[in-house]
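Remarks on the structure that follows.
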Amino acid sequence: MKLWGGRFTKEENQLVHNFNESLSFDQRLYRQDIEGSIAHVTMLARQGIVTEEDREAIVNGLSGILADVEACKLEFSPEYEDIHSFVEANLIERIGEAGKRLHTGRSRNDQVALDMKLYCRDEIGELDRLLKALLETLLGIMEENLDTYMPGFTHLQKAQPITLAHHMGAYFEMFSRDRERLRSIRERMNTCPLGSGALAGTTYPLDRAYSASLLGFSGPSLNSMDSVADRDYVIELLSALSILSMHLSRFSEEIIIWNSNEYQFVELDDGYSTGSSIMPQKKNPDIAELVRGKTGRVYGALMGLLTTMKGLPLAYNKDMQEDKELTFDAIDTVKSSLALFTGMVASMVFRKDVMEASAKKGFTNATDAADYLVSRGVPFRDAHGIVGQLVLRCLEKGIGLDELPLDEFRQISPVFDSDIYEAVSMKACVEKRLTVGAPGQEAMKQAIESYKKRLEEE
Ligand code: ARG
């Protein structure tokens with residue numbers, strides 16, 4: 001059935017139909033479309049625009065469609081242009097005349113804007129739950145690894161010792177910001193476009209505030225042209241998903257490095273690794289690589305929609321139908337990446353001994369050796385030079401600073417005493433770092449306390 005047959009004399013060409021249709025992908029909006037229609041007709045009846053009997057017949061018909069779609073008893077037959085026409089035609093088939101009254105005071109333009117908002121809102125809730133699960137996993141690792149020492153890197157060169165808890169804490173912060181971003185988008189987009197009509201509102205006495213409240217919006221949107229032309233919230237969502245994907249990608253990259261033969265900081269669970277068809281010794285980090293790789297499609301969706309929207313005159317234009325596949329794909333991608341990533345992190349084994357040995361071998365305690373000299377009156381610039389010489393000597397011998405005999409320390413500077421070994425131990429190097437946000441245990445415990453509160457409050 002066509003919604004717009006009256007003015008047309010020729011049949012629609014099949015190729016045109018195929019090019020124009022969106023049912024093949026917007027069928028996933030069926031729940032939101034029906035939810036919106038129920039709110040709309042409830043409001044129409046309350047305003048006396050349709051009768052109580054018609055409202056009841058329409059609501060029952062729509063509920064039947066919903067139940068049948070969910071029970072796979074009703075197929076989305078490809079003759080319909082989009083989910084809106086599909087539902088309306090089906091309703092008319094079921095309940096006859098009354099079904100034809102549903103679209104009073106409404107256009108597909110405000111209808112699709114509403115459906116997309118409802119969909120994005122629902123999905124933000126899902127994403128929030130997935131992010132929370134990841135944050136809880138990270139918090140668990142942090143609590144268990146307050147004294148698991150490892151090298152911290154700058155330029156991918158070993159820099160200063162940190163703990164695994166501290167490293168995980170950095171990602172905890174990133175994913176917390178992702179959650180906040182999504183929540184603020186949800187709040188900003190939460191105005192209801194329903195009742196904006198095609199672009200200029202309607203002559204029926206709609207109660208837009210009422211239908212907005214039925215659908216859980218903070219209120220009706222205030223400009224009907226903007227309401228049907230606005231896809232900012234989709235772009236904001238894709239932008240937040242891009243940043244979130246970038247975080248997942250950075251973390252994946254670290255896991256790939258840590259899982260490499262050269263590092264061996266972690267061992268991925270067999271369930272999250274795959275083998276090679278030719279090299280029997282291989283256990284590849286495919287899941288981490290795919291999460292990293294999929295970032296490209298999420299960025300692509302953002303760029304795609306920004307480009308589609310650029311230059312569109314007010315108000316609705318069919319170009320905007322292009323928002324759907326991009327958005328659905330980006331959301332699906334991020335949801336599956338998040339779920340898989342959390343499982344991978346929760347099941348991977350951290351090789352604490354390898355991490356600590358690596359921190360020692362990489363002279364991550366060199367700054368602390370210099371600080372030791374400074375605390376004994378040596379100017380920092382001189383201390384820097386002295387420790388540089390010590391590092392050179394250790395490199396020649398293939399040992400760490402804590403393995404160099406005391407007399408060799410003293411040959412380079414007589415200021416060194418036997419307490420230097422304690423001063424350059426990983427424990428001392430980390431535990432002295434107690435500024436807010438630093439890896440020292442007491443500082444970390446305070447951070448963990450606020451993270452826990454943050455997770456509980458919600
Ligand atoms: N399938 C369309 C979309 O996704 C629905 C709105 C159609 N409106 C119209 N005036 N053709 O944007």
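If you're wondering where the values come from, they're calculated on a predicted model, not measured in any experiment. Order of listing sets the numbers, starting from 1, for every ligand and every atom in it.
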Worksheet item: What pairs of residues pass the side chain to side chain donor-acceptor pair (under 3.5 Å) test when at least one of them lies in residues 56-68, not counting sequence neighbours?
Response: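 Every side chain to side chain donor-acceptor pair (under 3.5 Å) pair that includes a residue of residues 56-68, provided the two are not neighbours, is Asp68-Arg94.
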Item to complete: State which residue, out of Ile257, Asn259, Val349, fulfils the side chain to side chain contact (heavy atoms under 4.5 Å, CB included) condition with Val266.
Response: Asn259
Worksheet item: Checking Arg28 against Tyr119: charged group under 6.0 Å from the ring centre and within 45 degrees of the axis?
Response: no
Practice prompt. Answer yes if the ring centres of Phe328 and Phe25 are under 6.0 angstrom apart, and no otherwise.
Written response: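 No, they do not, as the ring centres are separated by 6.0 Å or more.
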Please report which non-hydrogen protein atom sits nearest to [atom], along with the residue it belongs to and the distance in Å to one decimal place.
atom                    : value
atom 3 (C) of ligand 1  : Tyr316 OH, 3.2 Å
atom 11 (N) of ligand 1 : Arg108 NH2, 3.6 Å
atom 4 (O) of ligand 1  : Lys324 NZ, 2.6 Å
atom 9 (C) of ligand 1  : Asn109 OD1, 3.5 Å
atom 1 (N) of ligand 1  : Gln321 OE1, 2.7 Å

Tabulate below the donor-acceptor pairs under 3.5 Å that side-chain atoms of residues 124-131 make, not counting sequence neighbours, or state none.
residue	atom	partner	partner atom	Å
Glu126	OE2	Arg129	NE	3.4
Glu126	OE2	Arg129	NH2	3.0
Asp128	OD1	Arg179	NE	3.0
Asp128	OD1	Arg183	NE	3.0
Asp128	OD1	Arg183	NH2	3.3
Asp128	OD2	Arg179	NH2	3.1
Asp128	OD2	Arg183	NH2	3.0

Worksheet item: Does His84 come within less than 4.0 angstrom of ligand 1, counting non-hydrogen atoms of the residue?
Response: yes
Item to complete: May I ask you to check whether Glu81 has an N/O atom sitting below 3.5 Å from an N/O atom of ligand 1?
Response: no
Worksheet item: Relative to each other, are the rings of Phe153 and Phe265 parallel, tilted or perpendicular (30° and 60° limits)?
Response: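 Tilted.
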Worksheet, complete the sentence: So the atoms of ligand 1 within less than 4.0 Å of a heavy atom of Asp82 turn out to be 1 (N), 5 (C)
